[in-house]
Amino acid sequence: MRQLTCTGPGVVEWREVPPPELAAPGDALVRPVAVARCEIDPPLILAGPRSADGPGFGFALGHEAVVEVVELGADLAPAAPPGLDVGQLALCSFQVSCGTCAACTGGRSGVCDSLPILSDYGMQPLSGTEYGGMLSDLVRVPHATTMLVPVPAGFDPARLAHLASVPDNVVDGYRSVAPHLAESPGLDVLVVIHGNRSIGLYAALSALALGAGSVTVESDDPVVLERAAAIGTKPVTTDLGRHQARYPLVVDCGTRAEGLLHAVDSVANEGVLHSVSYYLDPSITLPLGKMYTRGVRFSIGRAHSASLLPEVVGLIGAGGLDPAPITTSVIGWDEAPDRYLDDTVKLVVTR
Ligand SMILES: [Zn+2]
Ligand SMILES: [Zn+2]
């Protein structure tokens with residue numbers, strides 16, 4: 001089968017690889033039909049395969065997908081759980097998780113106790129384990145009843161591409177605001193976007209959907225500000241040098257130290273700063289004295305895909321959240337090798 005593969009720094013190509021097979025009675029085999037590019041994909045591709053994996057090694061790409069169920073394991077086939085019949089369209093958790101350990105049952109499937117940390121599709125350079133990638137003809141899904149969530153009944157098939165990013169970047173944006181707005185309904189929300197553009201815009205969309213008092217997006221990126229205005233938030237141009245107001249809930253979304261410091265300075269006293277960012281540079285520091293004095297509560301960590309998918313898909317199915325306005329480019333399957341690194345906010349590859 002064909003698998004989109006990163007074979008060198010910045011090099012993406014189709015490779016013929018053996019198709020996966022069912023390996024456990026709870027597995028499913030799925031065929032991805034729409035795959036979104038995650039914010040982490042371009043930096044992973046530009047870095048290329050790990051030297052430890054040796055010359056000629058390539059890793060599979062893609063981990064945000066709408067999939068079609070093709071085959072079910074022995075435990076599932078005789079009486080497929082609702083929504084897991086062969087032919088069903090589903091969203092697939094990008095993190096592999098078991099659904100039964102203490103972490104999974106506690107809503108923290110991203111740190112499943114049964115599997116090594118960073119057990120993800122399409123991210124072999126991070127974990128060292130190849131789980132396959134969604135830009136493939138076939139993917140094995142372990143613990144399928146946990147990992148797969150059916151596409152909402154009646155969802156317009158012509159709009160499937162807009163669901164592809166839900167398993168990762170959409171749930172990431174959602175969880176950056178949802179628990180805080182549940183604790184304090186009607187908060188005014190600021191999203192500071194200095195990289196990782198789609199996650200920040202999904203956070204802004206989620207804040208609107210969850211009844212934030214107001215939603216402001218600050219950025220120095222004109223494309224981000226245009227999208228922020230289009231979805232009905234207040235766009236504010238910033239040079240990230242000086243905070244413009246203070247908010248009880250601030251989402252930090254990006255890659256730059258000055259963006260993080262701007263976000264810290266924009267939090268109201270006793271407010272919350274939620275970061276969805278992964279800072280590669282280990283020398284980046286936080287002004288802890290300032291944060292202590294002003295009582296800034298800082299939360300950071302990965303989203304929990306399998307745990308959050310039912311809630312987010314339910315909201316989308318009920319018409320409460322529509323990720324579509326953040327999709328900026330939809331390309332064909334065969335275009336993926338040439339266009340996967342296009343400069344666009346949210347790229348989706350469809351069959
Ligand atoms: Zn991702
Ligand atoms: Zn688990």
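Each ligand, and each atom within it, is numbered from 1 in the order the structure gives. Starting from 1, each residue takes its place in the sequence as its number.
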For Arg256, the option from Asp239, Asp281, Asp220, Asp221 that meets salt bridge (Lys or Arg N to Asp or Glu O under 4.0 Å):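 The option that passes is Asp220.
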Side chain to side chain, Ser198 and Lys346, heavy atoms closer than 4.5 Å: yes
Of Val251, Leu249, Val272, Val171, the residue whose pairing with Ser176 passes side-chain contact (heavy atoms from CB on, under 4.5 Å): Val251
Tyr121/His63 under ring-ring contact (aromatic ring centres under 6.0 Å, His included): CA gap, chis, key distance, verdict: CA-CA 5 Å; Tyr121 293 109; His63 59 272; 8.9 Å; no
Near the Zn ion (ligand 1) (under 2.8 Å) - protein N, O or S atoms: Cys38 SG, His63 NE2, Asp168 OD2
Proximal protein heteroatoms (N, O or S) of the Zn ion (ligand 2), under 2.8 Å: Cys98 SG, Cys101 SG, Cys104 SG, Cys112 SG
Donor-acceptor under 3.5 Å (Ser307 side chain, His304 main chain): no
Going by atom type alone, with no hydrogens or angles, which donor-acceptor pairs under 3.5 Å involve a side-chain atom of residues 4-11 and a protein atom two or more places apart or on another chain?
{"residue": "Thr5", "atom": "OG1", "partner": "Gln3", "partner atom": "O", "Å": "2.8"}
{"residue": "Thr5", "atom": "OG1", "partner": "Gln3", "partner atom": "NE2", "Å": "3.1"}
{"residue": "Thr7", "atom": "OG1", "partner": "Glu13", "partner atom": "OE2", "Å": "3.0"}

Lys/Arg-Asp/Glu bridge criterion (N-O < 4.0 Å) met for Asp168, Arg37: no
Salt bridge Asp172-Arg302, side-chain N to carboxylate O under 4.0 Å: no
Can you list, pair by pair, the side-chain donor-acceptor contacts under 3.5 Å of residues 139-155, counting residues two or more places apart and other chains?
{"residue": "Arg140", "atom": "NH1", "partner": "Asp27", "partner atom": "OD1", "Å": "3.3"}
{"residue": "Arg140", "atom": "NH1", "partner": "Asp27", "partner atom": "OD2", "Å": "2.5"}

